[in-house]
Amino acid sequence: MPKFYITTSIPYVNAKPHIGHALEFVQADVIARHRKMRGEQVKMTTGGDENSLKIVLAAEKLGKSAAELCEENSGRFKELAEMIELDYDAFVRTSIDPGHKKVAQALWKACDGAGDIYKKKYGGLYCVGCELFYTENELDGGLCPEHKTKPEFVEEENYFFRLSKYQGRLLELIESDQVKIIPDFRKTEMLNFIKSGLSDFSISRSISRSHGWGLKVPGDESQIIYVWFDALGTYLTGVGFASDQKEFDKYWPADMHVVGKGILRFHAIYWIAMLMSAKIKLPKSILVHGYVTVDGQKMSKSIGNVVDPIELVKKYGAEPIRYYLMKEISTFQDGDFSETKLRDVINNELVGNLGNFVNRTFVFINSKLDGRLAETGLGEGALLMKEIHDLVDLADKLLEEGQLNFAILKILEISSMGNRYFQENEPWKLVKEGDNEAAREVLFVCANIARILGIMLYPFMPCASEELLAQIGEKPGPIGDAKKIAASFEISKPRLLFSKVE
RNA sequence: AGCGAGGUAGGGUAGCCUGGAGUGCCCGCCGGGCUCAUAACCCGGAGAUCGGAGGUUCAAAUCCUUCCCUCGCUACCA
């Protein structure tokens with residue numbers, strides 16, 4: 001059985017989750033569930049990035065310890081993961097996961113052993129909020145462009161990673177898609193970045209600048225491992241690196257890292273170079289999504305428009321949110337969220353189109369045809385069924401390519417075709433005229449379409465999928481089942497899949 | 001400044017790579033039909049100089065040149 005190891009990036013837990021985190025969770029989850037439907041053995045990991053100075057600062061502000069803040073916020077991310085139906089196997093918290101510390105240090109030692117880590121004095125204008133050094137011309141009137149605060153001059157001796165050494169190999173790996181970056185325009189960005197020249201980067205911080213928070217550099221108590229070096233290691237931790245060799249050999253390398261556009265560089269360049277240095281196999285692909293704006297505006301605390309996905313799920317349920325994120329937001333580009341739009345989508349698409357088609361089909365069979373349908377053959381519907389099977393194949397292919405929004409569009413199209421077929425064939429008239437056989441044939445086609453919808457919806461809306469299929473006594477199954485015509489149907493009790501919102 | 005992504009009916013998008021009647025989708029608007037269904041569904045219509053200007057071509061939203069505008073990134077932000 002082929003395996004598929006997919007990861008979400010691990011969010012900074014210095015604040016609550018926002019809708020963008022939900023987007024990434026759902027994207028990864030949809031891909032993972034699709035792979036399961038294809039019969040692959042899927043492993044998915046996520047986690048919390050906790051060893052960062054930002055956490056310490058945020059905690060101090062709130063009068064808490066860093067550990068307490070991590071506990072609290074990681075808890076919220078875990079809650080989001082559960083609520084949004086993320087089917088994950090491991091949630092790696094970098095500050096307390098016992099295996100993770102070993103991983104980070106083993107990774108460090110391996111890079112060190114390869115001669116890629118060296119000490120260097122480094123100084124510059126440092127913004128605490130960003131945790132990074134700025135050059136003069138990056139500053140905005142002498143202030144940090146992000147925080148509008150005056151950066152301080154910091155000088156210290158740090159460990160550096162010899163990134164420059166890997167420039168040529170990185171270029172080739174990405175160019176040739178051995179590490180495939182999806183979509184193409186992100187790949188181009190990375191290639192251009194590499195071509196512009198790579199400098200070595202700092203991978204440690206002094207213990208004082210880190211406020212003592214973080215993982216210690218092996219063999220040097222005075223230095224803390226830089227948060228990214230540490231965080232990327234969670235992808236290894238999640239599948240047993242340095243602890244469970246059998247598990248690791250089975251699942252590594254990762255088949256896909258799902259990340260936001262802002263952190264692509266760390267994955268496509270730093271991470272790959274680190275793994276090469278440590279002589280660990282390389283991940284196969286990186287899928288890069290955009291950011292979510294809210295009502296056309298960038299989300300920010302100062303504007304006060306940060307959307308809390310947990311609240312949203314409580315209000316509307318997980319499935320509509322998943323649907324919205326997958327369909328209304330382009331997989332690779334920035335997309336907008338608005339609650340008004342969400343309501344429209346629920347009422348028009350989930351209730352009016354999809355839910356209604358399934359409901360009118362099942363209710364009709366139940367009330368006019370005794371709840372049963374024997375094999376009737378597809379009759380005139382055979383042609384339609386062929387078109388629908390083509391859409392199934394297309395959606396399958398789009399899912400494989402990560403084109404999630406196009407895939408779900410195709411699935412909804414199946415539902416539209418069902419509604420049209422139902423309408424044009426007017427089975428209610430056939431029943432009135434006493435031609436139950438003809439009505440049965442129409443409904444046999446419709447029921448099969450509903451069943452296909454049930455199967456194909458699984459990656460996007462697993463609960464709705466289960467609920468739909470349960471009404472005909474089935475469960476979500478392999479994607480191949482979608483193209484098999486069910487022989488007969490028995491409708492237990494039609495139940496609504498989605499409800500209107502006011 | 002460099003690099004990247006965009007500019008398609010009132011709004012949001014797809015189509016562009018591999019030219020062929022402005023073609024599609026989700027809303028909104030107008031009109032009609034149906035009554036199985038959660039006033040859901042189906043059909044039809046109005047509405048676009050496909051950012052501007054040149055060019056290639058029998059033919060350009062699509063290819064080339066150029067200009068304008070918006071957004072993102074430019075060493076550590078999902």
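So you know, we letter chains A, B, ... as the sequences are listed, proteins then strands, and number each from 1.
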| Side chain of A/Thr188 (C-beta onward), nearest among B/G4, B/A75, B/A40 | B/G4
| task | Kindly point out which of B/C36, B/U38, B/A14 is positioned nearest to the side chain of A/Val351? | result | B/U38
| message | Rounding to an integer number of angstrom, what distance separates B/G47 and B/A9 when you compare their C1' atoms? | response | 5 Å
| query | If you pin A/Gly260 and A/Asn192 to their nearest nucleotides in RNA chain B, which one's is more 5'? | reply | A/Asn192
| said: Taking the C1' atom in each of B/G19 and B/G15, what is the distance between them to the nearest angstrom? | reply: 13 Å
| note | RNA chain B nearest-nucleotide lookup for A/Asn359 and A/Ile263: closer to the 5′ end is A/Asn359
| message | Heavy atoms from C-beta onward define the side chain here; which of B/A75, B/C36, B/G28 lies closest to that of A/Phe422? | response | B/C36
| request: Could you go through the ring pair (Phe, Tyr, Trp, His ring centres under 6.0 Å) check for A/His289 and A/Phe332 one step at a time? | output: CA-CA 4 Å; A/His289 65 250; A/Phe332 305 121; 9.6 Å; no
| Minimum-distance nucleotide (side-chain atoms of A/Ser9 versus B/C27, B/A78, B/C36) | B/A78
| Is the distance between the ring centroids of A/Tyr323 and A/Phe460 under 6.0 Å? | no
| task | With heavy atoms under 4.0 Å as the rule, sort A/Glu424 into base, sugar-phosphate or nothing. | result | nothing
| field | Whole-angstrom distance between B/C25 and B/U70, as gauged at atom C1' | value | 25 Å
| query | Does OP1 or OP2 of B/C36 have a side-chain N or O of A/Lys432 closer than 4.0 Å? | reply | yes
| request: Look at the rings of A/Phe337 and A/Tyr324 and say which category their plane angle falls in: under 30° parallel, 30 to 60° tilted, over 60° perpendicular. | output: perpendicular
| remark: Testing B/A75, B/A78, B/C34 for proximity to the side chain of A/Arg265, the answer is B/A75
| query | Taking the six-membered ring for Trp, are A/Trp428 and A/Phe422 parallel (under 30°), tilted (30 to 60°) or perpendicular (over 60°)? | reply | parallel
| Short side-chain N/O contact from A/Tyr12 to OP1 or OP2 of B/A78, under 4.0 Å | no
| query | With centres under 5.5 Å and planes under 30° as the test, does A/Phe364 stack with B/A37? | reply | no
| request: State which of B/A78, B/C36, B/C42 makes the closest approach to the side chain of A/Glu24. | output: B/A78
| note | Of the listed B/A40, B/U74, B/G28, the closest approach to the A/Asn356 side chain comes from B/A40
| query | Now, which nucleotide makes the Watson-Crick or G-U wobble pair with B/U13, with each of the two distances under 3.5 Å? | reply | B/G24
| B/C17 versus B/C63 - spacing of their C1' atoms, nearest Å | 10 Å
| field | B/C73 and B/A78, which share atom name P, separated by this distance in whole Å | value | 13 Å
| request: Look at the side-chain N and O atoms of A/Arg420 and state whether any lies under 4.0 Å from the OP1 or OP2 oxygen of B/C41. | output: no
| message | Please verify the inter-ring angle class for A/Tyr270 with A/Phe201; under 30° counts as parallel, over 60° as perpendicular, anything in between as tilted. | response | parallel
| message | Is A/Lys500 close enough to B/A40 that one of its side-chain N or O atoms is under 4.0 Å from OP1 or OP2 there? | response | yes
| message | Checking base pairs now: Watson-Crick or wobble, both atom distances under 3.5 Å. What partners B/C36? | response | none
| If you look at every strand shown and take non-hydrogen atoms under 4.0 Å, does A/Asn348 touch a base, only sugar-phosphate, or nothing? | sugar-phosphate
| request: Tell me which nucleotide among B/G4, B/A75, B/U38 gets nearest to the side chain of A/Phe193. | output: B/A75
| When rounded to the nearest Å, what value does the distance between C1' atoms of B/A61 and B/G20 take? | 13 Å
| request: Could you check whether A/Gln333 gets within reach of a base, just the sugar-phosphate, or nothing at all, counting any heavy atom under 4.0 Å? | output: sugar-phosphate
| said: Other residues, nucleotides and ligands only: do more than 12 of their heavy atoms fall within 6.0 Å of NZ on A/Lys16? | reply: no
| message | Mind checking if A/Val258 touches a base, just sugar-phosphate, or nothing, with heavy atoms under 4.0 Å? | response | nothing
| field | A/Lys397 NZ: over 12 foreign heavy atoms closer than 6.0 Å | value | no
| said: Distance check, P atoms only: B/G2 and B/U66, in whole angstrom units. | reply: 13 Å
| query | Ignoring hydrogens and angles, are the base of B/A75 and the side chain of A/Tyr270 linked by a donor-acceptor pair under 3.5 Å? | reply | yes
| said: Using a heavy-atom cut-off of 4.0 Å across all strands, would you classify A/Phe362 as base, sugar-phosphate, or nothing? | reply: nothing
| What is the nucleic acid contact for A/Ser196, judged by heavy atoms within less than 4.0 Å: base, sugar-phosphate only, or nothing? | nothing
| query | Looking across every strand, which nucleic acid part, if any, lies under 4.0 Å from A/Gly418 by heavy atom: base, sugar-phosphate, or nothing? | reply | nothing
| task | Under 4.0 Å between any heavy atoms, over every strand shown, what does A/Phe201 touch: base, sugar-phosphate, or nothing? Just pick one. | result | nothing
| said: Categorize A/Leu497 for me: base, sugar-phosphate, or nothing, with a 4.0 angstrom heavy-atom threshold over every strand shown. | reply: base
| Side chain of A/Glu189 (C-beta onward), nearest among B/C77, B/A14, B/G4 | B/G4
| task | Please state the P separation for the pair B/C68 and B/A53 - nearest whole angstrom. | result | 15 Å
